[in-house]
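Have a look at the structure below before the remarks.
Heavy-atom basis, side chains included; hydrogens, waters and symmetry copies ignored. In this chain, numbering begins with 1 at the start of the sequence shown. These numbers were taken from a predicted model, which means no experiment stands behind them.
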Amino acid sequence: MGHRVELFEKNAVISGLGISRIGRRTGIPGLELTLEATRSAIADAGLTAADIDGIATLGETPATEAAAALGIEAADCSFGFDTGGLLTPVMSAARAVAERRARHVLVYRTVQMLGGTMTQSPSGGGTQSPSGGGTQSPSGGGTQSPSGGGGNPLADPPEEPRAPGGRRPVKPFGDMDELLAAHAYSAANWLAMHCRRHMELYGTTKEQLGWLAINTRRNAGLNPLATFRDPMTMADYLAARPVSTPFGLFDCDVPVDGSIALVVSHADHAADCPNPAVRIEALGGSYGSGGWFHRPDYPKMASADAAKQLWSRTDLRPADVDVAELYDGFTFLTFAWLEALGFCGDGEAGPFVEGATRIALDGELPLNTYGGQLSAGRMHGYWLLHEACLQLRGQAGERQVPRRPEVAVAAAGGGPIAGCLLLTR
C-alpha cells in the first residue's frame, strides 16, 4: 500500500499487566481489588508508582482514590479519544503518551458484581473523532486533573456531525425511551432482538450460539482464575433456563468482583520492559449513531463502524490475525464482532463457530482463549485485552495458543458501544 500518515497509536505500547483476585460476592472492597491489579501492572512494567504520570479508568474505583492510595500525582488521561466505547480510557492513554503528555499511564477497570457502575461524566475532556481529528479541552490535550475524579466516556458520548443537508442521526442512546416504553428493560432484551433478526435473515441457530458458549467454557477450564470451569455440553447449554428469547442463561456473561490493570507507555520504553511490550498497531471506535435499533443496516451494530476504522489505520488484514478476544456479554455479540472484523461474511458467524473446531486453541482463529465473559467473568472488555497481551507474550500458561501469536485483536462493546484494538509483538 502507499505511504500512510503516522498515527498516534503506533507510538504506544502496553508495557505492564495486572489482575486481582476474581470471584463472586467476595465482599472485597473495590479499592483493595484495584490496588492488587494496579500494583501488579506497575511492577510488571518494570516501574515504580513514582514513574506513573497518567491515570485512566472506566471505574468503579475513582481515579482520585486509586492515585491517593498509590501515593502518586498523575494527570487524568481517561479522555482524548472518546469514541472507543468501553476501551476509551486505553485509547486515550495511548494518545496521551504519543503526544508526550504522559510517559506511563496506568489504566484500570474495577467491577463488583452487585455494582458495575462507572464514574461520572467528564468535566472538560476533549473529544476525538473517528476520522482522526477532534477537539481538545481549553486546558490542553483533552486531559483532566485528578481532582476531576475521572469520568465515564459513555455518560455523554460525542455526537456524529450531521452531513450537510442530511438528517441528524439518532444518538447512541437516543432510542432508550422507546425500548423502555415497550417494556424492554435489559440489554438482554435489546440484543435478543438483534439476534432474532440475524436468525431470520441468515438462518443462524440456537445450537450455533451454543458452540461459542461451549468453546469458552472449554478454555475457562484451563484458566485458574475463571469463575466457571466445569465442562459444558450442548445438552447443558440447551437446557439452561430462558432469559430473553433466544438467549438462555449460558448466553449471558457472568457478573464477578475483580480488577484488571495495564500500563500504557510511550514506545521508547519497550526496550526497557522486563516483559515483551505489546504494540498497538491500530484502533477503532464509533459514534454509535442509530442507537440500539435505528441503524439502516440493522441488525449490524457500532462494531461495524469500529472495525472499519481499525482496518483503515493499518496495512494488516483479518487473515493476519492469529488470536481473537471478542466481547461476549452475550453470545451473539461475538458473532457480530466476527462479521464486523471480516473474519467471515455477513450472516456467516454461525457456520464459522459451528463445531467449535475453527475457534479452538489449535484452530484457525483461537477465540476468547481465557474463557470469555461467559465463563471467566464480566470485566467489560478489560480481561479480553489482558488475555490478548498474555497470548502475544507467550505467557498464557496451559491455554497458550500452540503457535505463538504475532497479531491479536481485542474488541469490546455491543449495540451503539464499540471499540477495538489491533495488537502486535
Aromatic ring proximity W190/F293, centre distance under 6.0 Å | no
Which residues satisfy the side chain to side chain contact (heavy atoms under 4.5 Å, CB included) test with [X], sequence neighbours excluded?
X    : answer
A396 : E387, L390, Q391, R399, Q400
C344 : L338, E339, E348, A349, F352
V243 : A188, R241, C252

In the structure I gave you, are the side-chain heavy atoms of [X] and [Y] within less than 4.5 Å of one another anywhere?
X    : Y    : value
T331 : W211 : no
D82  : S92  : yes
L70  : L106 : yes
V105 : V263 : no
L384 : N368 : no
P158 : Y287 : yes
F343 : V409 : yes
K300 : D305 : no

Working to the nearest 0.5 Å, report the span between CG of L392 and CG of D322.
-> 8.0 Å
To the nearest 0.5 angstrom, please state how far the CG atom of L316 sits from the CG atom of L310.
->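 Result: 9.5 Å between the selected atoms.
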Is there a ring pair (Phe, Tyr, Trp, His ring centres under 6.0 Å) between W383 and Y370 once you walk through the steps?
-> CA-CA 8 Å; W383 203 342; Y370 68 103; 5.2 Å; yes
So, for [X] and [Y], which heavy atoms are closest and what is the spacing to 0.1 Å?
X    : Y    : result
P89  : L86  : CD-O, 3.5 Å
V111 : L33  : O-CD1, 4.4 Å
R279 : A270 : NH2-CB, 3.7 Å
V264 : V97  : O-CG1, 3.6 Å
M176 : W292 : SD-NE1, 3.4 Å
N219 : G371 : CB-N, 3.9 Å

Set of residues satisfying side chain to side chain donor-acceptor pair (under 3.5 Å) with respect to [X], sequence neighbours excluded:
X    : value
S244 : N189
R21  : E32, E36
Q395 : N275, R393

Go through the steps to decide whether D44 and R39 satisfy the test salt bridge (Lys or Arg N to Asp or Glu O under 4.0 Å), and finish with yes or no.
-> CA-CA 8 Å; D44 187 67; R39 285 170 174 161; over 6 Å; no
V353 and F335: CA distance, side-chain angles, deciding distance, side-chain contact (heavy atoms from CB on, under 4.5 Å) verdict = CA-CA 9 Å; V353 307; F335 280 34; 3.6 Å; yes
Pair E281-T424, side chain to side chain donor-acceptor pair (under 3.5 Å): steps then yes or no | CA-CA 6 Å; E281 168 66 20; T424 65; 4.8 Å; no
Tell me, with the steps shown, if D51 and T48 meet side chain to side chain donor-acceptor pair (under 3.5 Å).
-> CA-CA 5 Å; D51 295 313; T48 67; 3.2 Å; yes
What salt bridge (charged side-chain N to carboxylate O under 4.0 Å, His left out) pairs are there with at least one residue in residues 360-377, not counting sequence neighbours?
-> R358-E364
Pairs satisfying salt bridge (charged side-chain N to carboxylate O under 4.0 Å, His left out), at least one member in residues 409-425, at least two apart |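 Non-adjacent pairs meeting salt bridge (charged side-chain N to carboxylate O under 4.0 Å, His left out): E406-R425.
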Go through the steps to decide whether E9 and F81 satisfy the test side-chain contact (heavy atoms from CB on, under 4.5 Å), and finish with yes or no.
-> CA-CA 11 Å; E9 60 263 33; F81 189 96; over 6 Å; no
Between T110 and M379, is a side-chain contact (heavy atoms from CB on, under 4.5 Å) present by the stated rule, with each step listed?
-> CA-CA 8 Å; T110 302; M379 293 298 302; over 6 Å; no
Ring pair (Phe, Tyr, Trp, His ring centres under 6.0 Å) pairs, two or more places apart, involving residues 89-109 |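 Only H104-H269 qualify under ring pair (Phe, Tyr, Trp, His ring centres under 6.0 Å).
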Can I get a per-line list of side-chain donor-acceptor pairs under 3.5 Å for residues 411-419, giving both atom names and the distance, sequence neighbours left out?
none

Are the side chain of K10 and the backbone of I280 linked by a donor-acceptor contact shorter than 3.5 Å?
-> no
Side chain R218, main chain A356, donor-acceptor under 3.5 Å =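 Judged by distance alone, yes, a pair lies under 3.5 Å.
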Kindly write out the residues that satisfy ring-ring contact (aromatic ring centres under 6.0 Å, His included) with Y382, not counting sequence neighbours, or none if the list is empty.
->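 Partners of Y382 under the ring-ring contact (aromatic ring centres under 6.0 Å, His included) test: none.
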Qualifying residues under ring-ring contact (aromatic ring centres under 6.0 Å, His included), relative to F332, sequence neighbours excluded = H198
Does the pair D257/R378 count as a salt bridge with the N-to-O cut at 4.0 Å?
->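 No salt bridge links D257 with R378.
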Is a salt bridge present between R217 and D230, judged by a nitrogen-to-oxygen distance below 4.0 Å?
-> no
Using the side chain to side chain contact (heavy atoms under 4.5 Å, CB included) rule, pick out the option among L17, L423, V107 that qualifies with L385.
->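 The passing option is L423.
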With C195, which of D251, L209, T204 fulfils side chain to side chain contact (heavy atoms under 4.5 Å, CB included)?
->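 When side chain to side chain contact (heavy atoms under 4.5 Å, CB included) is applied between C195 and each of D251, L209, T204, only L209 qualifies.
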List the steps, then state whether side chain to side chain donor-acceptor pair (under 3.5 Å) holds for R103 with H266.
-> CA-CA 6 Å; R103 179 164 169 77; H266 192 277; 5.0 Å; no
Donor + acceptor pair across side chains of S259, S20 (<3.5 Å) =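 No - no donor-acceptor pair under 3.5 Å links their side chains.
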Criterion side-chain contact (heavy atoms from CB on, under 4.5 Å) on D328 and L333, from CA distance to verdict | CA-CA 6 Å; D328 57 348; L333 290 179; 5.9 Å; no
